[in-house]
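Note that ligands are numbered from 1 as they come in the structure, with each ligand's atoms numbered from 1 the same way.
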Amino acid sequence: MTTFLIDGETAIDAGSLTEALPLSAQRRIRRIILTHAHFDHVASLPFLVENLYGRETPLELIAPRAVLSDLRRHVFNDVTWPDFTRLPSRARPTLVYRPIAAGKPVQAGGVTLVALPVDHIVPAYGYLVAKPGRSVLFSGDTMPTQRLWTHARRARDLKAIFLEVSFCDAQAEIARASCHLTPRLLPGELEKAPPRVPVYLYHMKPPSLSRIRREVAALNEPRLRLLDADRSFRF
Ligand SMILES: [Zn+2]
Ligand SMILES: [Zn+2]
């Protein structure tokens, strides 16, 4: 369930924020940058919003318009969950949507981010997240893709790439149908990526995990590492 937390106050995706963090840490979160609306990326959002209900500063949901409208239509629609952009009141909401344009740098707290369209089964974006002198790339969910890498190659001081790999090679057909990567597709993506930057793999589906581990090891590519839950990085 994808979630990355940056400086304690900005999250990329919200798959497991309420499970992973105590209430005090949840209350520090100011904004969530969303890659897309799939459940493994937004599952904890309804409960996070509930835990922040009535807070002075609303929680910002940041993403290109297509992703936000998926959330509005399918999650915070007054059926699946209340529309927290009107609660407790329109004037003082718990949740605000902040649509951003793809490809344009925007400021969000202490970081600059750029949404980059990737290739998934629904509208989806990777993000380049930067601070002065350093940047990090998150792929979001994607099949083999191009624009993300073109942009990453132009990024200065790229310190790390977080790249999805969802299924083992035996599940290649499911991966293709659902627009995800398998280990066999990784060398092709690495060729497009900027050289020498470490690549942390995430989003492994549990039934595929042990095979993915073996298949990635067999690629014999020292840049590739499988990410564990609860890891912290300083860039
Ligand atoms: Zn997805
Ligand atoms: Zn996913």
Side-chain angles (χ1 to χ4, degrees), residues 1-6 10-21 32-48 61-77 80-81 99-100 102 113 115-129 136-149 160-186 189 199-213 215-216 224-231:
M1 309 265 270
T2 302
T3 299
F4 296 98
L5 188 60
I6 301 168
T10 301
I12 295 189
D13 285 343
S16 53
L17 281 168
T18 51
E19 290 83 353
L21 297 176
I32 298 177
I33 302 161
L34 291 169
T35 61
H36 64 305
H38 274 160
F39 224 55
D40 50 330
H41 302 258
V42 303
S44 69
L45 200 47
F47 311 114
L48 178 71
L61 288 192
I62 303 174
R65 213 170 278 280
V67 176
L68 295 182
S69 65
D70 283 346
L71 261 291
R72 197 192 290 270
R73 195 172 323 141
H74 301 295
V75 180
F76 297 105
N77 56 6
T80 317
W81 208 241
I100 60 172
L113 58 102
L116 300 163
V118 289
D119 295 284
H120 195 36
I121 200 160
V122 294
Y125 298 83
Y127 287 91
L128 184 73
V129 178
V136 181
L137 185 76
F138 298 89
S139 74
D141 286 10
T142 188
M143 63 196 290
T145 194
Q146 186 55 56
R147 193 160 158 196
L148 180 82
W149 301 126
I161 293 166
F162 293 87
L163 178 63
E164 83 119 276
V165 61
S166 298
F167 295 101
C168 61
D169 288 324
Q171 306 275 356
E173 212 167 298
I174 296 166
R176 207 170 14 249
S178 56
C179 304
H180 282 294
L181 295 173
T182 67
R184 193 172 294 148
L185 295 169
L186 293 177
E189 296 311 288
V199 177
Y200 297 95
L201 300 171
Y202 72 101
H203 202 268
M204 294 76 77
K205 300 286 179 190
S208 282
L209 180 57
S210 56
R211 278 173 178 240
I212 289 176
R213 208 180 284 285
E215 290 164 357
V216 168
L224 293 175
R225 296 153 214 195
L226 253 59
L227 201 56
D228 302 310
D230 298 325
R231 282 283 302 276

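For H120, the nearest N, O or S atom to the Zn ion (ligand 1) falls under 2.8 Å. Contact annotation: H41 places an N, O or S atom under 2.8 Å from the Zn ion (ligand 2). Among the atoms of H203, an N, O or S atom falls under 2.8 Å of the Zn ion (ligand 2).
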List the steps, then state whether side-chain contact (heavy atoms from CB on, under 4.5 Å) holds for L5 with T10.
CA-CA 6 Å; L5 188 60; T10 301; over 6 Å; no
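Between F138 and F4, the ring planes are tilted. Angles from 30° to 60° get that label.
Note: angle at the Zn ion (ligand 2), from OD2 of D141 to OD2 of D40, is 170° (rounded to 10 degrees).
Heavy-atom minimum distance, A37 versus V42: O-CG2, 3.6 Å.
T182 contributes no side-chain N or O that, together with a main-chain N or O of A172, makes up a donor-acceptor pair within less than 3.5 Å.
Checked by atom type, the side-chain pair D141/H36 shows a donor-acceptor distance below 3.5 Å.
Counting just the N/O/S atoms of H38, the one with the shortest distance to the Zn ion (ligand 1) is named ND1.
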